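Structure first, then comments.
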Amino acid sequence: QVQLVESGGGSVQAGGSLRLSCVASGYAKSSFLLGWFRRAPGKEREAVAAIYTSSGGTFYADSVKGRFTISRDNAKNILYLQMNSLKPEDTAMYYCAAGLYDDGGYWYEDHEYHLWGQGTQVTVSS
């Protein structure tokens, strides 16, 4: 049973924009926390942005603040990541993740998330 499906990745030149989408189904629709992570080749997976569904509070990694915006369409159960002013260092596989309950940690910690999408590739060329 597929719960999170990402789309919207692609190749873009530096300075360009992309919008990632993540459609939630099943248990993922009632998540407590939704986030975007990324993994670049040879690097650890890192948290990019997150949104708490009840409060609407958003959080961002320092590396993307001011350039990326996370948002959610509650009616359609879609999570978005608007990425502007893209840089080559943003190149990575991007994953959508859902936290079904509060695990007592922070938005950027993997263990807060219980469901993961399959990922969508973003490539930024200089």
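A quick note: this is a predicted structure, and the numbers were derived from the prediction, not measured. Excluded from the calculations below are hydrogen atoms, water molecules and symmetry mates; all remaining heavy atoms, backbone and side chain alike, are included.
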Could you tell me the separation between the [atom1] atom of [X] and the [atom2] atom of [Y], rounded to the nearest 0.5 Å?
X     : Y      : atom1 : atom2 : value
Ser31 : Leu100 : OG    : CG    : 5.0 Å
Trp36 : Glu46  : CH2   : CD    : 14.5 Å
Leu81 : Arg19  : CG    : CZ    : 10.5 Å

Side-chain contact, heavy-atom cut-off 4.5 Å: [X] with [Y]?
X      : Y      : value
Gln82  : Ser71  : no
Thr53  : Arg72  : yes
Phe68  : Leu86  : yes
Leu79  : Ile70  : yes
Met83  : Thr69  : no
Val48  : Tyr60  : no
Glu6   : Gln118 : yes
Gln121 : Thr91  : yes

Should Asp90 and Lys87 count as an ion pair when the cut-off is N to O under 4.0 Å? no
Angle between ring planes, Trp116 versus Tyr95, binned at 30° and 60°: parallel, tilted or perpendicular?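 Geometry flag for Tyr95 against Trp116: perpendicular rings.
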Taking the inter-plane angle between the rings of Phe37 and Tyr113 on a 0 to 90° scale, is it parallel (under 30°), tilted (30 to 60°) or perpendicular (over 60°)?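 Taking Tyr113 first and then Phe37, their aromatic rings stand perpendicular (interplane angle over 60°).
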Centroid-to-centroid, Phe59 to Tyr52, below 6.0 Å? yes
